[in-house]
Amino acid sequence: MAKELIVFIDMEIPEMLTRVEALKLEGYRLMQIHCTRVESGYEINYTFALDLPSQNLRIHIDREQEIPSISGIFPAAFLYENEIHDLFGLNITDMLIDYHGRFYRTSVPAPFGQAKKDTGGGE
Amino acid sequence: MRILPMAKIVLKSLFRKAATQMYPLITKEYYPATRGKVLNDTEFCIYCGMCQRKCPAGAIEVIRAKRYWALDPKRCVTCNYCVEVCPKKCMTMDKRYTAPSTN
Amino acid sequence: MGERTVIPFGPQHPVLLEPLHLDLVIEDEKVVKAMPSWGFVHRGLEKLAEKRDFIEFPFVAERICGVCSHSHGMAYTQAIEALMSLEIPVRAKYLRTILAEFSRINSHLLWLGLLANALGFESLFMHCWKLREKILDIVEETTGGRVIFGACRVGGVNRDIDAPTLARMSRLFTGMEKGFREIDGVFRKDYTVQKRLQETGALSRADAHLLGAVGPVAKGSGIPCDMRRLGYSVYNELDFQAVVETEGDSYARTSVRIKEIFQSVGLIQQAIAKIPAGEVSMKITGLPPVGEHFEMVEQPRGEAVYYVKGNGTRFLERFRVRNSTFANIPALLKILEGCELSDVPMLILSIDPCISCAER
């Protein structure tokens with residue numbers, strides 16, 4: 001996909017929720033949600049698409065912070081949110097279907113949430 | 001609605017040569033490009049360990065001091081990367097797959 | 001009104017080969033609600049990208065899944081090339097596209113065979129796989145792998161295909177199109193197939209959009225969701241239209257896949273006619289810079305979203321795959337609500353699930 005078609009918009013959590021609702025009314029569909037570990041904590045990307053160009057809403061959060069679920073607005077979000085909860089150990093509230101950490105049964109709790117040097121083994 | 005649209009194909013297949021081969025008796029001809037299994041000519045190997053470092057599956061074990069080279073066939077994904085990076089070009093990709101064990 | 005019972009379905013099931021577990025809440029014979037359970041084949045391949053050199057990682061990316069393997073390799077290498085702002089040789093792009101369409105035909109024939117098998121239609125199953133065998137043979141001859149092609153590398157493709165072989169690949173379809181038409185006729189006209197597929201698992205256009213369905217599931221419900229229209233690789237130079245059906249039932253999804261086989265044949269023939277001469281790979285210098293990129297490709301099962309984030313070293317900071325099956329699971333749960341218990345394996349199959357893609 002051409003680089004200019006991808007827009008990243010940084011925002012705060014309450015602003016993000018109102019924006020997501022607005023996007024739903026405009027007819028966007030949820031493409032994906034993913035989480036990335038950054039130096040100051042984590043960032044979560046919400047990608048929405050209307051036909052082909054996409055919009056990325058991005059929030060920055062700490063490990064302890066609670067993130068409200070958007071599965072009330074886009075029902076399909078529950079899978080992505082459970083994935084983030086299980087792999088990164090983040091606290092997402094009010095999910096449509098909450099697996100309470102049993103979505104992925106990993107041997108290490110929150111394996112993706114740790115920095116690179118902490119993860120031993122696997123080789 | 002037509003009756004039994006499959007019948008025509010089935011009847012045709014019935015009178016044609018079989019699409020399958022009698023496997024253990026007739027083996028398939030492999031293509032020159034087929035990635036079957038990795039071989040190493042240890043006579044020319046310098047045990048540099050390049051293949052071990054580059055292997056995406058961690059299937060190769062090289063101990064330089066003991067002049068030891070081993071490939072774990074169960075981990076190998078036959079990606080051909082070790083053959084590409086080998087500095088002495090002593091590794092080759094054989095087009096035949098590993099033969100089944102018979103004992 | 002009957003009593004509600006929970007029936008566990010999968011991960012081992014005679015008809016469904018995928019390791020997906022569903023808890024079906026049923027009332028009499030009707031499914032009221034389905035709850036997926038997950039994580040049987042999670043391998044943490046996204047995390048592995050942080051430990052593997054970005055040049056070596058295509059080998060791992062191609063092994064995320066067996067059937068859409070080539071599109072995984074293609075998407076990963078495209079994402080890295082875009083991140084590094086590399087312009088790869090045009091011939092390499094054409095070869096990737098040709099192989100991607102071969103893999104689409106392979107995947108759809110495989111799925112049609114599995115569908116026929118689930119219907120109990122053994123002869124049709126064998127016939128679909130007989131046709132698929134010819135595709136696999138030509139792919140093995142040109143790339144070296146039957147299932148995992150191993151064709152893509154960062155900066156191009158591993159192996160050039162010479163002109164006589166390309167001509168033979170194009171000619172292959174003059175004989176095979178008759179075979180495709182025959183199975184198309186059976187799927188269209190056979191009484192059993194119609195009875196099992198028509199009007200089961202209907203998904204409306206609005207639901208498909210809301211639940212974020214992609215690929216043949218969305219196309220079967222009338223949404224022209226085809227990432228090839230983005231024009232990645234050389235799709236902008238080829239002439240095609242997204243295949244769309246409007247009924248939204250299992251039959252529409254089957255029909256989309258059959259039509260896509262014919263579409264892929266056309267695309268392969270166009271690409272082979274247009275392919276320019278030249279290099280097939282370029283030398284890579286430098287490392288992925290600090291930055292991020294989204295790559296969207298149309299896999300046989302639908303759209304896949306790749307996200308790569310570089311940090312200026314040989315290892316990626318973050319690698320993320322969102323596969324088509326992952327996006328289709330909410331749609332599947334919607335389809336299952338209110339269906340007959342005996343239709344469940346059929347309906348799960350109708351979204352063409354690939355759990356090893358979805359869990360990575």
Side-chain angles (χ1 to χ4, degrees), chain A residues 1-3 5-8 24 27-39 42-43 45 47-54 56 58 71 73-80 82-83 86-87 96-97 99 101-108 111-117 119-123, chain C residues 35-40 42 44 46-48 50-52 78-79 82-83 85 207-214 218 223-227 229-232 291-297 303-307 309 311 315 317-323 326-331 333-334 358-360:
Chain A
M1 189 162 168
K3 276 185 176 172
L5 286 177
I6 307 159
V7 192
F8 290 97
K24 186 181 177 179
Y28 276 76
R29 75 182 165 94
L30 177 70
M31 207 173 215
Q32 66 110 19
I33 304 175
H34 85 255
C35 179
T36 311
R37 204 183 48 246
V38 289
E39 268 172 28
Y42 300 86
E43 59 181 34
N45 262 300
T47 313
F48 299 91
L50 177 70
D51 203 14
L52 295 177
S54 65
N56 285 281
R58 175 174 285 179
S71 55
I73 309 165
F74 285 97
F78 81 91
L79 282 173
Y80 302 102
N82 276 296
E83 185 182 66
D86 286 9
L87 297 183
L96 198 64
I97 301 176
Y99 286 81
R102 287 181 207 93
F103 192 58
Y104 286 112
R105 281 155 254 200
T106 52
S107 52
V108 185
F112 286 29
Q114 298 149 16
K116 200 189 282 181
K117 55 182 178 293
T119 49
E123 289 276 329
Chain C
M35 177 90 161
S37 175
W38 200 259
F40 298 100
H42 177 69
E46 290 181 353
K47 188 79 178 166
L48 194 62
E50 295 169 18
K51 286 193 209 161
R52 291 272 182 259
Q78 273 178 201
L83 185 67
S85 308
D207 279 340
H209 186 80
L210 177 66
L211 298 169
V214 296
I223 303 173
C225 168
D226 193 328
M227 288 297 124
R229 288 194 296 141
L230 283 172
Y232 66 86
E292 56 196 339
H293 183 72
F294 267 108
E295 184 71 34
M296 284 121 192
V297 297
E303 153 213 291
V305 183
Y306 268 65
Y307 172 80
K309 185 175 182 185
N311 56 3
F315 307 102
E317 180 76 24
R318 176 88 167 105
F319 167 67
R320 152 92 176 150
V321 186
R322 197 284 276 135
N323 215 284
F326 202 93
N328 279 335
I329 293 285
L333 302 182
K334 176 76 192 169
E359 295 184 14
R360 286 115 26 226

Is it the side chain or the backbone of [X] that comes within 4.5 Å of chain A heavy atoms, both, or neither?
{"X": "C/Leu333", "value": "side chain"}
{"X": "C/Glu303", "value": "side chain"}
{"X": "C/Val297", "value": "neither"}
{"X": "C/Ala304", "value": "neither"}
{"X": "C/Lys334", "value": "neither"}
{"X": "C/Tyr307", "value": "side chain"}

Counting only heavy atoms closer than 4.5 Å, note whether [X] contacts chain C via side chain, backbone, both or neither.
{"X": "A/Asp86", "result": "neither"}
{"X": "A/Phe78", "result": "side chain"}
{"X": "A/Leu30", "result": "backbone"}

- Message: I'd like to check the side chain to side chain donor-acceptor pair (under 3.5 Å) partners of A/Glu83; sequence neighbours left out, ordered by chain and number.
- Response: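 Scan of A/Glu83 (side chain to side chain donor-acceptor pair (under 3.5 Å), adjacent residues dropped) gives A/Tyr104, C/Arg320, C/Arg360.
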- Message: So, using side chain to side chain donor-acceptor pair (under 3.5 Å) as the criterion, who are the partners of A/Thr47 when residues are at least two apart?
- Response: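 Checked A/Thr47 against side chain to side chain donor-acceptor pair (under 3.5 Å); matches are A/Gln32, A/Asn56.
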Closest heavy-atom contact between [X] and [Y]?
{"X": "C/Phe294", "Y": "A/His34", "value": "CZ-CE1, 3.8 Å"}
{"X": "C/Ala358", "Y": "C/Phe326", "value": "O-CD1, 3.4 Å"}
{"X": "A/Leu87", "Y": "C/His42", "value": "CD2-NE2, 3.8 Å"}
{"X": "C/Leu211", "Y": "C/Ala331", "value": "CD1-CA, 3.9 Å"}

- Item | Top contributor to chain C contacts, counting heavy-atom pairs under 4.5 Å, from A/Val38, A/Thr36, A/Asn82 |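 Winner by heavy-atom pair count: A/Thr36.
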- Message: Any salt bridge linking C/Arg318 with C/Glu46? Criterion: basic side-chain nitrogen under 4.0 Å from a carboxylate oxygen.
- Response: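 Judged by the 4.0 Å cut-off on N to carboxylate O distance, C/Arg318 and C/Glu46 do form a salt bridge.
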